[in-house]
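Hydrogens, waters and symmetry mates are skipped; everything else that's a heavy atom, side chains included, is used. Each chain gets a letter, A, B and so on, in the order its sequence line appears, and its residues count up from 1.
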Amino acid sequence: MSEFDLEPLQSAIEKYIPLGRSGLLPALHAAQQLYGWLPESVSIAIARSLRIPLADIHGVIEFYSMFTNKPSGKSTIHVCTGLACSLKRADDILAHFRDFRLQYDTPDRGFSGPVPVRRIETSPCLGLCELAPAALVDDQAETLIELDKDQYALGRPISIVYGTVRMLTSNCGNGTTLLAQYGGYSGLQKALTMRPEQVVQEVKASGLVGRGGAAFPTGIKWEGAAQAISKQKYVICNADESEPGTFKDRILLLDDPHRVIEGMCIAAYAIRAGNGIIFLRGEYAYILPVLEQAIEESRAAGYLGGGALDFDIEIRLGAGAYICGEETALFESIEGKRGFPRVKPPFPTTHGLFNLPTVINNVETLCNVPLILRDGALEYRRLGTEKSPGSKLFCLSGDITKPGLYEIPFGLALGELFEMAGGVSNGGSLKAILLGGAAGAFADSSSLHVPLTFEDLRSAGLPLGSGVVMVFDESRDLRKVVAGLGEFFAHESCGKCYPCQMGTQRQKEILNRLATGNPYPADIARLQDIGWTMTDSSLCGLGQTAASAVLSAINLWPGLFGLTEQNGYEPRQPGTDSVRAQKGKTKKPSKSAKTSRRPNRSKRAG
Amino acid sequence: MTITLTIDGKEIVVESGSTLLEAARANGLDIPAICYHEATSPNALCRMCVVEVDGVKLLQPACILEAREGMKVQTRSERVLRARRTILEMLASTMDLSETDSIQEWFKEYGVDVQRFPDARPRRPELMDDNPMYIRDYSKCLLCWRCVQVCAEDAQYTYAINFSGRGYDTQIGTFFEKPIPETTCVLCGQCVGVCPTGALKGKREYLLEHGYTPQEISVMNTGRKKRR
């Protein structure tokens, strides 16, 4: 038990002891930094210090993919094998790294066999899609990797910002994040001259809705938390950006941290909250120093840490779990538990973090708030449309000439954005666009006329999601892309509810068969039953959208999957329009679908 | 105070604060449920009890949804039946449910094809026999969480077991997969009592099933030795 010196551990985790169980993830991060992994004796020491049952600590380590209880050195490379990086030879990079960068040593710590000094892991999306292919070396980004170059540079990723307006991105790409450059918190100053209820009214009047994917009206959320009666309330910034294809929050946090902090301050004033937390995804650890410096500056200037506003912010780092972007799973994670989503209701506005009233907003949502307060809701609404006011950030990646972050007012057509980005790269032609990320849906050139607003996309059966626009040219095998989505959801399902726990696994297995051209008859009916069941009956948003892109691909390109109604393909979901892409007439299941449900193992199609 | 709602076209009156599941069962309407147990906190995770509620977009779990005045509920609509059938077919492809009579009956009731998912990777961990009180055969475990709950705040406050893995590969586990005698387990047996599938089973019952006589069992040292 004593092959590890536990002395440095005690001093490293001392400051987390007052947090109790909530200090578990920070303590595990600190311990893994010290030892490279989380051995038994280290886990026991943490359990005793924080007073957490041993079995529970084990459960937490096992849940988060960045923690490991297998012997390992201190260095880890995460090669991104996500959607965008896969288009840029991520597999070759992974193989190359395994050949040339993996290092072993034979340790003297009583282990049998060599232990990797440096581990090579894969990541389902590092949020560096416009800079693909990418990897994370310890906590630094390595982007636009070129295999034939021996030299490589590590650091913070660069920001590429385009678009027709600079509201949210006015400070992005400027190269400085100093408060002096940002100016005062003029939106907050304005808010402080109003009553909290007026601030809520102003945000409601602006028509701002959440930018994390669910598009819930921000003002209504704030109103709920403002009316909840409690001495203690929380404002949480959801910076667990991990929807594949999304990188907007990374750029906002890196280039303009004060705007996020100011947004949180205004939210805190509006709902009378004293505590703020930024939950940053573990893969974005290189943003930590930027945020820490900004918070320090903000304290020194009297905005945070007592002053006109009795509010302060701490940062929590995630540990590799897509599900923690789901708000209740994020609370569980901060509370030091496995990131299982909770049953709703009750909602976070009354029963959030530690069961206290909580407002949780996405980074981009919060960045809109200072603008709304500074200029007023009327001025804010001058951009965009009646039902989708303001501007929106889009993350363009894949086979596009100018990948990057685009800020445009709501209302431009998808095709206009596509042209603005120079169209398909290398003179290719357009095959597909994935909108909204892995949890989104596919579109083809027939959707280029659709205006990018919540209302127009909804009636076209397309999601806006987190603003992902990932482009695929005609050379891409979409069956492989869809199989990648299946892989992703199976990897990220938390395992709590049955439809998603088993459905993501079965979906993955069938999609892999389709991708290799070896489907069984009636595989499509299986995929649809799984997809509709996950959509209709899963506990949280992950399961409810885990089949969305898959079902949309089947609808758009049935021939690609070798599907006809004769082999069990149903063009529409019977009895519901809950799958967005399936909107339209309902239809009873066809007879062929029912009779062909029994698999025939001997007859493989194709 | 009572409220009135409609379930499957039948108007029923229940105490306010009842869940839909309680309301239905009190009126002789059965809704299937796997993870639900009167003695444990509801988690609404098996989703077998989902029902269709008028005006609500997605199916809702009856075990936790509170019955409301005027609610219109369908417990056997086409969508509900498809979800239940698919969940059961996925369960059949995942674990050994041979000892779970209720689920075997549902297989018939919902027209389940237990071979629906060919070439599916099942969960088949090896049986663990590491303590004198009970065996753990997680190839039969359907992750209802009841054992973890009664070991913790729902009953015993022992915290001997939790989870390992994630997603489809989640399994009930101990700290660093230690054998039960090396954990905080006090052999109270509560977990065995709430297990619905025979994944956790009393050691004596298990040995009787495997042809040992009570005499043989009584002289057996079923303690800490590894038996293979």
B/Lys72, NZ: over 12 other non-hydrogen atoms inside 6.0 angstrom: no
Expected output: side-chain B/Arg47 to main-chain A/Pro499 donor-acceptor under 3.5 Å: no
From B/Arg166 atom CZ to A/His491 atom NE2, the distance as rounded to the nearest 0.5 Å: 5.5 Å
Largest heavy-atom contact set with chain B, pairs under 4.5 Å, which of A/Met534, A/Glu62, A/Gln544: A/Glu62
Reported CZ-to-CD distance for the pair B/Arg121 and A/Glu509, which is rounded to 0.5 angstrom: 7.0 Å
Distance (rounded to the nearest 0.5 Å) between B/Cys46 SG and A/Leu539 CG: 10.5 Å
Close side-chain approach of B/Thr170 to A/Gln501, heavy-atom, < 4.5 Å: no
B/Phe175 and A/His58 aromatic ring geometry - parallel, tilted or perpendicular at 30°/60° bounds: perpendicular
A/Tyr498 OH to B/Thr86 OG1 distance, which is reported to the nearest 0.5 Å: 15.5 Å
Closest non-hydrogen atom pair between B/Ala44 and A/Val343, with its separation: CB-CG2, 3.9 Å
Student check: side-chain heavy atoms of A/Arg526 and B/Pro118 closer than 4.5 Å: yes
Part of A/Ser538 lying under 4.5 Å from any heavy atom of chain B: backbone
Which portion of A/Leu542 sits near chain B, non-hydrogen atoms under 4.5 angstrom: neither
Approximate separation, where rounding is to 0.5 Å, of A/Asp529 CG and B/Met90 CE: 9.5 Å
Portion of B/Cys144 that has a non-hydrogen atom of chain A nearer than 4.5 angstrom: both
Part of A/Phe340 lying under 4.5 Å from any heavy atom of chain B: side chain
Which atoms of A/Pro39 approach chain B - backbone, side chain, both or neither, heavy atom under 4.5 Å: backbone
Contact origin within A/Ala321 toward chain B - heavy atom pairs under 4.5 Å: both
Part of A/Arg338 lying under 4.5 Å from any heavy atom of chain B: side chain
Which atoms of B/Ser93 approach chain A - backbone, side chain, both or neither, heavy atom under 4.5 Å: both
Check: A/Thr533 and B/Ile87 side chains under 4.5 Å, non-hydrogen atoms: yes
Nearest non-hydrogen partners of A/Leu38 and B/Phe176, listed with the distance: O-CZ, 3.5 Å
Shortest non-hydrogen separation from A/Ser537 to B/Ala83 and the atoms involved: OG-CB, 4.2 Å
Option in B/Asn162, B/Leu143, B/Thr183 with maximal non-hydrogen atom pairs under 4.5 Å from chain A: B/Asn162
Contact winner vs chain A - B/Thr158, B/Asn43, B/Leu59, heavy-atom pairs under 4.5 Å: B/Leu59
Exercise: do B/Thr94 and A/Arg506 side chains pair donor with acceptor under 3.5 Å: yes
Separation between CG of B/Asp169 and OG of A/Ser493, rounded to the nearest 0.5 Å: 10.5 Å
Evaluation steps, side chain to side chain contact (heavy atoms under 4.5 Å, CB included), between A/Asp536 and B/Arg82: CA-CA 10 Å; A/Asp536 223 4; B/Arg82 182 186 62 218; 3.9 Å; yes
